[in-house]
Each structure stands twice: as structure tokens, then as C-alpha cells.
A.B. asks: 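A single structure is presented below for examination.
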Amino acid sequence: MIVEILYLVIALSLTAPLVWRLDGRYISLATSIVLMALSVYYKLPVGVLLSVLALSLSLDWRWGPFGVALSFSAVAAVLATYVYYAGQSIVYSLLALALVTAAVYGLLAMDRRRENVEGAVKYLVFSGIGKVLIVAGYVIAVSGWWQGAYLLVLGFLFELGIVPFHAWVVDAYALGTPRGVAALTAFSKLTALYVLLAVFRQLGGVPSHIGAVALIVALASMLVANVAGLTAKTLGRVMAYSSVAHMSYALTAVALVWWLGDRPTSLFGVPVRASDVAALTVVLEALTSSIAKSGVFGYLPTSLSDVLPPRRSVLNVANVFSLLGLPPLLGFWPKLFLVLLVLSYPATWLSVFLVSWIVLNSATATPYYLRAIRMVAEAPSPVADNVTSAYTALASVAVGLLMPLIVYILA
Amino acid sequence: MEVILFAIFTPLIASLVSLFSPSEKFKAWAVTVGTFISALLATYTYLTVKPDPSSSVKVYDWINAIGAKIELQINWSLPMGALVAWLVAAISLYSVKYMEGDYRPGWYWFFFGFFATSMLIVVYAGNLWFLLVGWEGVGLASWALIGHWYRDEYDKWVGKEEKVAGVPYWWTPSKAGLRAILTVRFGDAFFLVAIALFYVLTGTVSLSGLKSSSDLDALKQLGVVPLLFFALGPFTKSAQFPFHEWLLTAMTGPTSVSALIHAATMVKAGVYVLIVTAPIFAVVKGSELYFMVVMWVGVTTALLATIIALTSMEFKLVLAGSTAANLGIIAAATGAAGVLGLHETQLLNALLFFAFLHIVGHAVSKASLFMGFGAVIHETGTRFLGEVGKLWRHMRITAVAMVLSMLSLVGIPPFVGYITKDLALENVFEAGHVLGVEALAALLYILLFLTPIYGLRLIGLTFFHGKEPEEVHEAPVLMWLPYTALAFATIVLGAYFAVSIKFPLTEALVAVLLGFLTGFVLYIALPGFRSETLRPLWEFAYRRFYLPILYDGVFPWLYTWFAKFIFVVFDKGLFDGLYHNVLPGLFGIASNWLRRLVAGALNIYLLYAIVGILITLLLLVVL
Amino acid sequence: MMILISVLFPMILSFAAYAAAKRSAYMAGYISAAALLPLLALSAYVVFGGVDLSEGTFQGFDVLAFRIMPFNGVFIFTVALVGLFVALFSPPYMEHRSHELGRDSAVFYLTYGFFVGGLAGAFAAANLVVVYVFIEVALIASLFQILYYGYGDRVRITVMYLVWSHVGAFLVLAGFLLLYLKGVYYVPLLIGGRGTGPDALAFVLILIGSLIKMATLGVHMWLPYVHAEAPTPLSALLSPVLVGIGGYLIASVAMYVLPNSEWTQWLVYYAVATAIYGGLMAFLQRDIKRLFAYSTVSQMGYLLLGVALANVYGYTAAALFYLSHGLGKAVLFMTAGYFIMYLGTRDVEKMGGLYGWRPELAGAAIVGFLNLAGILSIGMISEITLTVGYAQYFQTDYAFYIPYALVLLVTGIYAFNTIRVVFFGPPKREDRGPVDIALASIVAVAFISLLLFIPPFSNTITDNIYKAVGAVGPWR
């Protein structure tokens, strides 16, 4: 598939000038269809989900020249996914990460308002620092020094927006153009997580003490994000804190395995390894966040999301419930698997603490998710649901409902 | 045995039937017919079934898991059943006229039949769980009927609109009902616990099972505490001190109810159960203590209740106090029988028989008195003693009946009340003698002296002295027939008992006659008397020893205050406050602070990032 | 498939009820009630017939494993019975509430079937995760009912309910997952307690999660708010049947992984404290729905006590308490609903002398209270059985019986005091309460609670539960 993607990138670059004639959405439409075909051919379900998401975003908005950027970000995401599942070289992953960052930077600044640019710049700076750290760390780690792992982890902390490196997330989400933010959540975050999984799988793990540090930071980040979100006033900011929290959950999963080591465990009676469960948690977190948030941001017609939504949405309520983690929606499952992961380690008091911490955080988050639902559901009529909200809501519900079947097949 | 079951359940069936017609007449006659059928069946049983003290006849397996069976005992129950059923029937007939025109006939007649069945269950039950069903039933019926006039009209109260130490000294029907059910509930809780203990520790709650030899060892080891728990049930049900208050305010109910439930039958259930279980409990190790407690409680109640009867200013209160006193006598006699006959079953049974006899003697006398004074209240329109008088001229038949019943009640020979009371008290005198407590005899003499005085006071102030009313006539025949018949029965029964059992002749008679003389002088010859010197004493007794202040004032106040304290400190303060105010507040503060950190300037964010890196490095070093 | 179908039936029919409610709440009510008939029949057959129904292979991770035996059968029976009559009660009330809110009652009836079906499924399912799923379904369904039709600040109340119930549910789920990892896939009580060893962590997690759902002392705060502000037909379901599920979970799962039987004594003390606390608080309330809510807290103390005693009588009593409290509290909440509809008030100080206003209602409400106080209704059987269980536990430690007597007394105090304040005293109104299907439902449920007291009903139920539980209890 790498070759095909390469061709696709070249094709996109060549067709870029077309945007002066037609709206960029047609380009991204075509790209999504190609990506969908590729994903089906290479049996990449996540790829299908992503490409349909790109498709719906294309259908909903006029992207102008930024349609190309949207295409690139979608391509990057599918690439990163493929690299992880097919075990290809990390270099491609890193390339995907760079690509998506550049594309999303543009997308965030799409409406060219001062705030948009501010948000985009912050994204770029922190993402940039993160990538430098990641590349440097990777190189050092492959050469055999454990400090490389530390730099890698640090890089991801920047990239994912874990506390205390999270401030940019709030601004990027709130101030960036909502459609750009949709792309950010849909593709950028997901890419970053797949890169994380791929990198660490290749490295074979992380020294235990770094894992402990990562775990502590992740847990603290979870709490800070959830508490801070309680008084967030606008939709964009609530979503930002939600994002930090979700990324923290994902990090917790992998950090736990890094710290305590991999071990055999079982999932509904099927024997698996803890690292598999952690990976599953990360993937599901990525999907939940990307699908649901792109639905929420993807229906806002304003030029920033640091506002109350101007129009109602009914379908996005499902998306927010998914982010809240209400069973049987998609967002419930990563939390479940995280708890299962915790429980598969025999240390009783640690398990109690972690499970309680997770439950407490979920409980703390509930009020602000419900406030987000109110914002979305009680905005003035008429209902402004579009293709993106429909698709994402459907995906959040359907994938969630089918999850037990999916896990069964996977295991 | 089916006959007994029919006798028991016919009144309930009748009362269920009565629910289906709105006509008061239909309800009244349906239930009355039912009670008469029941009475006939009970008499048939009494005449044909041979008493068997050691067996419980099983009729139906109920809940095997806890040993509950519908079993009947056929020993004391045979005479008691006949007595109860006939009293129920008589009072039912009386009620047809008494309750005419009432605003709630459905409630009254339903609970009347319901009560009758429950009481008969108590009488005939040979299994303690089955007994409990009847026990709860009479308690519920009592509550329902005491509070029958739920609209709380003034003329249905007990007491006047006055407060003593801030506590109201008047009781409306609904309040009196509440007092009754809560007192009885208190006793019933321990009663229930005791039955459960019997089941768990001996494996059976069947009366015959408890007596039979296979369980004897388990029974012996039971200890006295379960017995005391058990006794709390009868104590509250039979209004023994300090649980007597509810009976006095129960007079808010219709007088027919007072006659039936609070004189002749329900309150007797308690002491009846004490009698029936005495031979079983005698086997238990340490039961001397139990019987002594029962005896002393009985004596105390008798004395204090007599004093209350002596100073009450309402007809029904005098009678209620007298009932409590006589229940005390029966309880004392039972306790004394236990003390004396602890190791000799035959003696025990003989002495218990004397205690049992007083149930009969008192029931007959008291039922008549209540019904008669009910007629007085009905005709004169007042419940207060001394407001109307000289009724001899206006209600002849009633007056005659009341005089006869009263003489029986206060224990003047040759009426049945004398015989049974004296025989019962003989137990107590003997026990006092055996235990070496001479003070007991003294107390009993005082009791015997005071009793005729209150009786004659009631008769004198109502029928012979006082303010003559304008328009009062005799009660309708359907009302005076039952109580006059009973009044004459006191003579007939007296003769019967004197011949077939014993005519007691002891020093006690002297005390009685002295009391009679005093009472005659004070209230028949003279129109009562007042004494300023004795006034504080009278006040103390009239206020029922100020116990209502405790029960209606202090206890409810303490309970409410305690509940409010817990509510304010724990419920609102700790739980509500913590979960719904403090915690959200804390989170809110923390949240706002955290958000303020995201100030907007990129350089500050980079500063945070550097701080973050430093922290991670620090953690790395530490771990 | 019979059990599964009976459980899903109300859920499926709720769509029909939704459509019907758009036109007439009465039709929707009838549909919702009829939907429960299969469950009622099935559970009655088990409970009164003493049979044992099961379906599913119970091999590996079987999601279709269901079992109804007399113990959980009583729970299902109560859910079905109460659900049926509350459905019949609801139309006049929901019309009244719809009128007040300006929205129709369609969502109510849509979620009704899911709520009741979810609860029944939770009791019937043998697979632990399936139990959890059904509980979630019920919780989410009831959430929407409160959100759409509740009183007061209903959004805040919904949030409160969501948070509390999910904290409880997640803790329970965590406990279940721990058991999963040890290879225990099914509810231990329903598989005869096989294959479970002590597990302190799972016990604590399931216990605390269940206690939160039961709203026992210390974690009870949400119940007065939620049950009082929920639309009354929902309160009539929440209080009787939802909170008891915590007790069922403790009895059927947690007690089987109890690490140390000494721990039960603390649970016993805690249960007694809850019962007394709830009763004390109920006595003080002016809002009649809050009064009933605190009464539920107290009665949950009774249920927990039955479970904590961990003997065959205690378990039997716990199941019977679920039934008696279920029926009694349904009557009382429906009565409160009747007051709300036709008197327009929830304040007991404004009531008084209401016996004459509608005597049948007063009689039914009194029977409802009798169930709570344990006098001459199925409530008496549960109380007696509990007392025997208590005596079995404490034997000759006589001091412990005094708090028990206090529990009974405290219940009697608030029950009879409330009857007096509401129904007795000088009448304040001239009119009469109307006779409608709501009144009929109330009287019917009261009548059933009396009917169940007499043989052959009382003994078949009790003896069947006793035998069934005796064979599989955790004390063996």
C-alpha cells in the first residue's frame, strides 16, 4: 500500500493547482474514495472509517484550496494506520506525522481570522517540538540508549497534549476554525496515536522507570483535564479538555504496560497479552475521539468554536455520549478495556487505586459532557445536522454496539 | 376441628361480605349474624370436644420453612372461645343500634368482624406463628376502631382542651389510635423476637411441641431473657404498667368497641397468652424470675390503675382504669401461680385455672358496664362524670343493670366478680406468703379496699346524685337487652361457680366490705365529697401521675429532636453537604483555577512545558 | 429462548407503545402492561410452582444463559407485577404531566418497556456481563424519563442520578471483570456456587457498587432527590424495584466471594443502622415523596440485613422483602401520584382528613404501609422470616435484639404517623377524589399484597424460596 499512497500523494500535489478552478472539496472527495478503495483492498477497517469520515467532511463544507490539505491529512492518517497494522517501517509513520501536522496547521487557520491563526500557530509550535523530540528520541533509542525512550515519551506528551503540555490544545480547539479542528481530531490525533503504537512496538517497550513516570503524568493529566473541564464555558473548550482527558486514558494504558511489563491475560475467556489490550485501548480511544469530535466540530458553521453553538444538533448528542463513555456507545469500550487491563495485573491495591481513579474521573467528567449536550441540544432551531454528524453518530453507536463481535473476531 | 375453624373465620367472612353493600343495615346485620353463628359453633365445640392440654391439633401446614402451622390448642381455648364468641355476638347486637347513623359504617363493621376472627385465632391457636397472626390482627383492629371517628370531633375526645406543662391533655381519636398502635408495636417487636428465638433454639413453635419431651432439654436451656422478651407482648397488649396509658385514651373509640376490645376480649389476649404459656415456661431454667416479674407488674398495675379509676372524671375512663387494674390482678395471679407451682404441674394448672376464671368474671361484668354506660353517653350526650345525674328516674333498667354489674366488678359477694377476683388474689396472697414478702398482702388489702369506692362513686354520681337532665329516656331495647342479660349473668355465674368450684371466704372479704361501706357512705348516702387537703394527691392521680407528659411530651420531643439532629448534622450537613455542595464547590474552584492557567500567551505555555520537562526529569531520577 | 423472549418482549412492544402514546396515553399504558404478561406468567410459574427454568448452555462465555429459580424468580415476579400495575396507573398521571410540560408522553412509554425489561433481564441473566448490560439498559432508560418528565431542576437531578448510578454500576462491573479473569462467568447463585473462591477485592468492589445502587446509609443521598423529583410512575418503579437490585447482586454474587465470614457482622450492623436511619429521616419529611424515598432507604436496610445474615432464612427474607416492599411502596407512590394529580400537592401539612375524600384510596394506602410495617400482609411473612434469620445469626446474644426491635418500632412510628397526618383529622375538603384506572391499580396492588399473605400463596412462595436457596446458598 505504501506505493499506492506514494502515488496518491504525488497525484494530489499535481492536482493542487486545480483548486483555482474548482472547490477543493472535490479533490478531497476523490481522495477519500481512493483511500476507501485502498483500505478495503488492503483489509484495513480503520482506514475505511477514516476515509468515509473524510468523505463526509468533503460533502459538508466548501474547503476552497484547503481541500488539498484535508486530503493530505486523511492520507497521512490512513498511512499511519497501515504502517502499524502491516508492520512497515517507522520512517513512513514519521513521514505521515509530519504530513498531517503541516496539513492541519493550514486547516486550522482556514478562515484566516486572527484567532484562527493564533490557534494554528500554537498547534504548530507544540506539535513541532513534539515531532523533533520524537525523531531525536527514536534515533537515539534505536542506537541503544534508553534516554531515547525518554525523549520519545516526552515528544508524545507534547504531541498529544498531556498536562502540563496541554495549554495549546485548549487554544487550538477553541480558536481554530471548527472544520479544521474536525480534521485535527479526526486525523492528526489518530495519526499520532498510531505512530506511538508503531514506534513502541518496534522498540519492544520502554524502560520500566520511564513507564512509571509516564503513568504518573498520565494519571495527573486525566484528573486535571477533567476538573478543568467542569467550568469550561464554550463548546470548543469543553471538547479540548475532553481531548486531553481521552489522550490521558490512552497514555495510561500503554504506560501501565511499560511500567509493569507485558504479561499474559485473558479477554472474555480468550488468552491475550496485556500489550494487546493496551493497544486495543489506544486504538479505541483514538477512534472514539476522532469520530465523535469530528462530528461535533464538523457541524459548526462559525469561524471559531469558542462560542455556544448557533444551531441545534440532535445526532451529535450521541457523539458526546460516546465521549462520556456511556455504554454501549463506542467511547465506553476503551474505558472498559483499560479497567480490564488494570485488573489483569495482580497487584491488588494498585488495581483498586487505578480503578477508583478511572471511575472517579469518569464521574467528574460527566457534568461537563452533559453541559456540552445541553449546549448542542438546546441551541436554537432548526436542526443543523449534516452528513458528518450523521455518519459519526452512526459510527459511534454502531461500532460500539458491534464491539463485542469485533473483539471476538479479533481474538 | 373444622368446626373450630368455621367458628374462627365466620366473622371475617361476614365482614368481607359486608364490604360489598353500601347499606349500613346490611353491613350491621351481616356481621351480627356471622358473630352469632360463630358463637353457636364455639359453644358446640365447648360442649363436645374433650380438652387435651398436651396436644396441638394440626389442621393445615402453613409455612414449613419457619415451622408455621395452622394448629389449634384445645385446652383453655374451649371455655375462652365460647366466652369470647358470645361477648362478640352480644356486643355486635348492641352495636346495631348504637352505631346507627354513623358516618363510617363500612370501616366499623369490617374491623368488627376482622377483630372477632383475630381474637378467636389468638384464643384457639396452638402454634405461636398462627397466634401472632391473630395477635397482630387484634392490634390492628384496635387501632382502626379506636380511631374510628377519624374526624376528631370534640365530643369523641378523651380529656378537655387543657395543657399541663405544655403537653396537651386531650386525646383525639386519631391520636389515641396512634398511641395504641405504637405501644403495642413496641411490645410486639419483642414478642416477635421471642417467638423467633423459640423456633431457632428449640426447633418448634408449636405449643404441644414445646411441651413434649423431645424438646424439653432445649427448652430448659432457653434462659429467662427470651421469656421476658415474650412477656413484653402481653404486657403491652394487656396495658400493664408502664404500658397502660394507651388503654385509657383508647376510650375515644365507640363504646361498643370499648366494651368488646378494651374490656372483654382483646386486652384479655395478653393475660390469656401468659396463662396458656405458663406451664411451658415453668420448665425453663430461671423462670422463677419471669413469674416474679409478671406478678409484680400485675400488682403494680392493679394498684395504680385503681387509683386512676378513683379520680377519673369521665365514665369510660373509670371503667378503663378498672379494666387495667383487673388485668393486673389476672397477671399477678398468673405470676403467682407460676411462683407457687413451679415444680408441680397439677398445682400450677389448678392455680392457673383461678387466674383464668377471673378473665371470665371480669369480662362478663365489664362488658355489661361498658355497654350500659355507652347507653348513658348515647342518651345524655355527655361523656363527663357528674355533668348529668339522678338517672335512676330516667333510665331504670339501665340503672338496675349497672348496679348489678358494678357490684360484681368491685367484688361483692355473691356476684361472680367476687368469686373470681378472690380466687385469683388468693394465688397472690399465697405467693407473697411463700416468698416472705408481707408487704404484698398489705398492698392487696389496699387494693381491695379502694376498688368498691370507685365503683360506688361511678354509680352514685350518675344514678343517685347530681344535676337532673331534662329529656333523657331509657335506651332502646336492642341496646339494653345485651347488657342487662349480662348483668343478670353475673349473679347466675356467681352461683354456678360457687357451687361447682369454690366459694372463697378469707380476710380479704373484710377489706372489701370496709371499702364498700366507705364508698356507700361517701357516694350513695352523701353526694360525693371534696377535700382541699387531699387535693394535691387527687390532682396527681387525676393527671394519671403525669405520665402523659412523659409519653406524649418528652418521648416524642426527644425522638423528633434526635431525628432532627441527625438530619441537620448528618443528612443535610454531612451527606448532602459533602456530596452535593462541598465536593462540587471544591471541584468548581479547582477547575476555574486550572483554566485560568491557560492564559493565552504562547511564551507562558512554553514555560509550562519547560516546567513539565523538569518535573518528568525529577520523577525519572526519583523512581 | 422463552426467558430471553419474555425479557425482550416489553422492549420490543415499547416501540408500539411509543407510537400509541402519540395519540393516547391510555393505549400506551395498556400496551406496556400487556407486554409484561409473559414475564409475569413465567415468574409466577417458577415461584408458585417451585420449578427451575433455565436456558443456554452455560459453557464458556455463553451470553444466552438465563435461569429463573424461586429466589430470583420472586424478584422478576415483583418487577413484572409492579410494572404491570404502574403501567395501568400511568395514563391519567402522564396526561396530567404532559399537560404541565407541554410535551407528549411518547418518550416515557418508549423507555418504560426498556426499563422494566432491562431490570427483569438483570435478574434472569446468568452471565455476569449480560447482567451488567441489562442494568445499564434499565438505568439509561430511566435517565431519559427523569430528564424529560421530572420535577424541580430535573437536569440537575438527572446528572446526579447518572453520576451516582454509574459510579455504582462501574464498581460492580469492575468486580465482575475481576471474577471474569478468574474464570467465573456466571452469577454464582444461579450455578449453585460452583467454582468461586474468596476474593476480597471483587467482594469489596461489588459490595460498594451495590450499596450505592441500594442507597444505604452514607451513599443514600441521591435517592431522596431522584425518587422525589422523578415522574411519579417512575418513582413507583424506581423505589420498589430498581434499588433492590443491589441487594440481589450482593446476595447472588458478592457473598459467594466473601473472604472472611467475620466481615458479615459489620454488614449486619450497617444494615440495622441504615434501617433505623431511614426510618428516622422519613418521620421528619413534609414532602410525601421524600418521605417515601427515605422509607425506601430504611427498607433497603431490612433487605441488606437479610442478605448479610447469610443464612437460609435471611436470604428467603431478603427475597420476600423485595416483594413486600415492592408492592407496598408501589401502592404508596401511586397514592402520592394520585394526590399530585387530584389534590395538587405533595405537602403532608396541607393534607389531613383525607379518608373521607376517597376511602378506597385510604384503605389501599394503609395496606401499603402495613406491608412496610410487617403487619398482616406479605410484609408480615418477610418480617417474620427475617426475625428467624436474625435469631439464627445472633442466637443467645440477647443484647443484639434491642436494636432490631428499635428497627421495627421506628418503621411503625413513621408509618402510622404518616397515615394519621394524611388521612385522619378534621377533613379539609368537601369533594371526592375521582374513581379512575389509577385508583383501580392502587387498590389492586394493595389487594394482591393481602392475597399473598394467605395460604396457599404465602406458603408456596416461602417454602419454594427456602428450598431453592437452601440448596445453593453461600453458607455451604
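Bear in mind that the values here come from a model prediction, so they are computed numbers and not experimental data. Here is how names work: the chains are called A, B, and so on, in the same order as the sequence lines, proteins then strands, and each is numbered from 1.
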A.B. asks: Taking C-beta and beyond as the side chain, do C/I381 and B/W62 meet within less than 4.5 Å on heavy atoms?
C.D. replies: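 A side-chain contact exists here, since the closest heavy-atom pair is under 4.5 Å.
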
A.B. asks: I'd like to know whether NZ of C/K428 has more than 12 heavy-atom contacts from other residues, nucleotides or ligands below 6.0 angstrom.
C.D. replies: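 Counting neighbours around NZ of C/K428, more than 12 heavy atoms of other residues, nucleotides or ligands fall under 6.0 Å, so yes.
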
A.B. asks: To the nearest 0.5 Å, what is the distance between CE on C/M281 and NZ on B/K572?
C.D. replies: 11.5 Å

A.B. asks: Please name the pair of heavy atoms, one in B/D152 and one in C/G425, separated by the smallest distance, quoted to 0.1 Å.
C.D. replies: OD2-CA, 3.5 Å

A.B. asks: Is the closest side-chain heavy-atom distance between C/F423 and B/S174 below 4.5 Å?
C.D. replies: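 A side-chain contact is absent here, since even the closest heavy-atom pair is not under 4.5 Å.
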
A.B. asks: Side chain of B/Y150, backbone of C/G356: donor and acceptor closer than 3.5 Å?
C.D. replies: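 At least one qualifying donor-acceptor pair exists.
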
A.B. asks: Atom OH in B/Y103, atom OH in C/Y355: separation rounded to 0.5 Å?
C.D. replies: 10.0 Å

A.B. asks: For B/I63, is there any backbone N or O sitting under 3.5 Å from a side-chain donor or acceptor partner on C/D463?
C.D. replies: no

A.B. asks: Would you mind checking which part of B/L178 comes under 4.5 Å of any heavy atom in chain C, side chain (CB onward), backbone (N, CA, C, O), both or neither?
C.D. replies: side chain

A.B. asks: Taking all heavy atoms of B/A65 and all of C/Y313, pick out the closest pair and write down the distance.
C.D. replies: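 In this case the closest contact between B/A65 and C/Y313 is O-CE2, 3.2 Å.
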
A.B. asks: Determine whether B/R185 and C/T411 make a side-chain contact, defined as any pair of heavy atoms from C-beta on separated by less than 4.5 Å.
C.D. replies: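 Not touching, per the 4.5 Å side-chain cut-off.
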
A.B. asks: Using side-chain heavy atoms (C-beta onward) and a distance below 4.5 Å, is B/F570 in contact with C/L280?
C.D. replies: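 Answer no - side chains too far apart.
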
A.B. asks: Is it the backbone or the side chain of B/L182 that comes under 4.5 Å from a heavy atom of chain C, or both, or neither?
C.D. replies: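 Answer is both: backbone and side chain atoms of B/L182 are under 4.5 Å from chain C.
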
A.B. asks: When rounded to the nearest 0.5 angstrom, what distance separates CG in C/N459 from CG in B/D61?
C.D. replies: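 Here the interatomic distance stands at 8.5 Å.
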
A.B. asks: Let me know if B/T560 has heavy atoms under 4.5 Å from chain C in its side chain, its backbone, both or neither.
C.D. replies: both

A.B. asks: State, yes or no, whether a side-chain contact exists between B/Y199 and C/I384 at a heavy-atom distance under 4.5 Å.
C.D. replies: no

A.B. asks: Side-chain contact test, heavy atoms from C-beta onward, threshold under 4.5 Å: evaluate it for B/W129 versus C/M380 and give yes or no.
C.D. replies: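 When only atoms from C-beta onward are counted, C/M380 and B/W129 do not touch, as no gap falls below 4.5 Å.
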
A.B. asks: Is B/T172 close to C/R420 at the side-chain level, that is, under 4.5 Å between some pair of heavy atoms?
C.D. replies: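 C/R420 vs B/T172: side chains touch.
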
A.B. asks: Between B/G177, B/G139, B/A196, which shows the greatest number of heavy-atom pairs under 4.5 Å with chain C?
C.D. replies: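 Highest number of pairs under 4.5 Å: B/A196.
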
A.B. asks: Do C/F453 and B/V133 come close enough that some side-chain heavy atom pair is under 4.5 Å?
C.D. replies: yes

A.B. asks: With only heavy atoms counted, which part of B/W143 is less than 4.5 Å from chain C, the side chain, the backbone, both or neither?
C.D. replies: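 For B/W143, side-chain heavy atoms alone lie under 4.5 Å from chain C.
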
